[in-house]
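To start, the structure under review is shown below, and the notes come after it.
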Amino acid sequence: MKLNFKNFKKLAFVPLAVVLLSVPVVAKQAVETAELTFRDIVVYVDGQVLDTSKTEPFIYNGTTYLPLRTVAEALGKDVTWVAETSTIYLGDMPSVYVETDTPLEEMYTAGNTYEKIQYIKKGKSGTDNKGNEYSSGAVFTCKSAKIDNVNSAEYTLNGKFSTFSDTIALPYSEKESGKTKTVEFYGDGELLYSSGEFEDDTDPEPFEIDISRVAVFQIKTTGSGSIGIYESMFYAK
């Protein structure tokens with residue numbers, strides 16, 4: 001049986017259903033028409049038939065495509081999808097993506113209670129309440145329904161970094177919000193830095209802290225609305 005459909009890229013990544021054994025079609029940032037062949041393909045793992053009933057294998061352009069999660073779990077590997085970086089991990093997931101100087105937007109969020117974290121990357125920029133532009137960092141939007149309006153995000157460092165620096169500032173959208181918020185940074189539960197109160201006209205607040213012995217790094221905000229953590233960098237030892 002053959003099937004024609006458009007936008008092959010979306011099918012291939014919803015959600016971790018298909019692993020691509022070659023990437024010519026997926027690598028292109030465009031909508032294409034693809035012809036798939038379904039042939040009741042049977043997959044064996046160590047002599048046992050693999051259950052592919054939820055996502056049937058298919059053939060495209062001479063290459064067979066298999067369900068990633070089904071195959072990985074049959075081999076005893078967990079599958080993790082990190083939407084922030086469009087990354088798939090099989091088995092253990094590293095605490096950070098690279099053990100070099102790493103910007104905040106490239107770090108994995110181990111725990112997060114915010115309504116939204118909008119990372120600045122891929123050529124985008126962020127603007128604060130004073131009109132300053134930033135090329136990296138993130139804007140944290142709080143869940144107003146949280147008790148005492150306290151929200152937090154955690155990042156696993158495992159003691160691999162020496163210092164953390166950034167500039168705290170109100171995003172441009174908050175310059176007339178009338179909301180007040182503060183930001184605190186914790187290392188393994190110990191308070192490392194606390195900002196002043198940020199209101200409509202508060203100036204950006206740059207700072208740097210020692211995180212050389214920190215395993216778990218936490219950013220915690222109190223208040224409602226959004227706050228920017230700009231030009232944020234974890235510096236490797």
Side-chain angles (χ1 to χ4, degrees), residues 13-15 80-87 89 93 95-97 102-157 161 164-209 211 214 216-234:
F13 285 90
V14 181
T80 304
W81 165 251
V82 180
E84 299 161 359
T85 58
S86 298
T87 304
Y89 288 93
M93 187 169 60
S95 58
V96 294
Y97 300 123
T102 307
L104 177 68
E105 61 270 19
E106 293 183 10
M107 298 288 287
Y108 171 66
T109 307
N112 168 30
T113 65
Y114 288 94
E115 179 178 319
K116 179 175 63 174
I117 302 178
Q118 184 177 0
Y119 291 96
I120 303 169
K121 53 185 176 180
K122 296 182 180 178
K124 297 182 180 180
S125 63
T127 305
D128 67 18
N129 61 329
K130 298 293 184 177
N132 302 305
E133 291 193 357
Y134 305 91
S135 59
S136 69
V139 174
F140 293 76
T141 300
C142 304
K143 290 181 179 178
S144 57
K146 294 286 291 183
I147 298 175
D148 296 327
N149 287 335
V150 176
N151 293 260
S152 65
E154 290 185 353
Y155 301 86
T156 304
L157 307 185
F161 297 91
F164 173 75
S165 69
D166 79 357
T167 297
I168 309 170
L170 290 176
Y172 184 81
S173 60
E174 294 283 307
K175 68 175 185 176
E176 295 179 355
S177 68
K179 300 173 181 177
T180 301
K181 61 220 69 172
T182 59
V183 188
E184 295 177 333
F185 299 83
Y186 290 82
D188 300 327
E190 179 184 350
L191 179 63
L192 303 177
Y193 184 84
S194 180
S195 74
E197 288 192 345
F198 279 82
E199 299 177 328
D200 294 358
D201 199 41
T202 303
D203 289 330
E205 184 177 323
F207 76 96
E208 181 174 292
I209 53 178
I211 56 171
V214 173
V216 178
F217 186 74
Q218 182 184 48
I219 298 175
K220 181 183 293 186
T221 60
T222 302
S224 58
S226 300
I227 189 72
I229 311 295
Y230 298 113
E231 305 298 343
S232 311
M233 184 67 72
F234 293 87

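What you see is a predicted model, and the numbers here were worked out from it, not measured in a lab.
- Among all heavy-atom pairs drawn from D200 and S177, the shortest one is OD1-N, 3.4 Å.
- For the pair D166 and F207, the minimum side-chain heavy-atom distance is below 4.5 Å.
- In this structure the side chain of I229 reaches within 4.5 angstrom of the side chain of L104, judged on heavy atoms.
- Shown here are the ring pair (Phe, Tyr, Trp, His ring centres under 6.0 Å) partners of F234, two or more places apart in sequence or in another chain: F161, F164, F217.
- Across all their heavy atoms, T113 and N151 have their closest contact at O-OD1, 3.0 Å.
- Partners of L191 by side chain to side chain contact (heavy atoms under 4.5 Å, CB included), not counting sequence neighbours, listed by chain and number: E184, Y186, S194.
- Residues meeting the ring pair (Phe, Tyr, Trp, His ring centres under 6.0 Å) test with F198, sequence neighbours left out: none.
- In this structure the side chain of V150 reaches within 4.5 angstrom of the side chain of K220, judged on heavy atoms.
- Between the NZ atom of K181 and the OG atom of S195 there is a distance of 11.0 Å, given to the nearest 0.5 Å.
- With sequence neighbours excluded, no residue forms a side-chain hydrogen bond (donor to acceptor under 3.5 Å, both in side chains) with E197.
- Between atom CD of residue E208 and atom OG1 of residue T167 there is a gap of 11.0 Å, rounded to the nearest 0.5 Å.
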Hey, mind stepping through T102 and Y155 against side chain to side chain donor-acceptor pair (under 3.5 Å) and telling me if it holds? CA-CA 12 Å; T102 307; Y155 301 86; over 6 Å; no
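- Crowding of E154 atom CD: a count of heavy atoms from other residues, nucleotides or ligands under 6.0 Å exceeding 12.
- How far CD of Q218 is from CG of N112: 11.0 Å, rounded to the nearest 0.5 Å.
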Pair T221-Y114, side chain to side chain donor-acceptor pair (under 3.5 Å): steps then yes or no: CA-CA 9 Å; T221 60; Y114 288 94; 3.0 Å; yes
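- Partners of N132 by side-chain hydrogen bond (donor to acceptor under 3.5 Å, both in side chains), not counting sequence neighbours, listed by chain and number: D128.
- With sequence neighbours left out, the side chain to side chain contact (heavy atoms under 4.5 Å, CB included) criterion links Y172 to T127, K175.
- Looking at N129, its side chain does come within 3.5 Å of a backbone N or O of T202 through a donor-acceptor pair.
- Remark: P171 engages V139, S173, E174, S226, Y230 in a side chain to side chain contact (heavy atoms under 4.5 Å, CB included) (not counting sequence neighbours).
- Here the shortest heavy-atom pairing between C142 and E115 reads O-OE1, 3.6 Å.
- More than 12 heavy atoms of other shown residues, nucleotides or ligands fall within 6.0 angstrom of atom CD in E205.
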Intermediate values then yes/no, side chain to side chain contact (heavy atoms under 4.5 Å, CB included), L192 and I211: CA-CA 9 Å; L192 303 177; I211 56 171; 4.1 Å; yes
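- Between Y193 atom OH and I209 atom CD1 the span is 9.0 Å, to the nearest 0.5 Å.
- Looking only at side-chain heavy atoms (C-beta outward), T109 and Y119 come within less than 4.5 Å of each other.
- The salt bridge (Lys or Arg N to Asp or Glu O under 4.0 Å) test applied to K130 returns D201, D203, not counting sequence neighbours.
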I'd like to know whether L157 forms a side chain to side chain contact (heavy atoms under 4.5 Å, CB included) with M107, so could you lay out the CA-CA distance, the side-chain angles of the two residues, the decisive distance to 0.1 Å, and finally the verdict. CA-CA 9 Å; L157 307 185; M107 298 288 287; 3.4 Å; yes
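- Across all their heavy atoms, A138 and I120 have their closest contact at N-CD1, 4.3 Å.
- Residues passing the side chain to side chain contact (heavy atoms under 4.5 Å, CB included) test with S135 are E231, sequence neighbours excluded.
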CA sep, side-chain torsions, deciding dist, call: I227, I168, side chain to side chain contact (heavy atoms under 4.5 Å, CB included): CA-CA 7 Å; I227 189 72; I168 309 170; 3.9 Å; yes
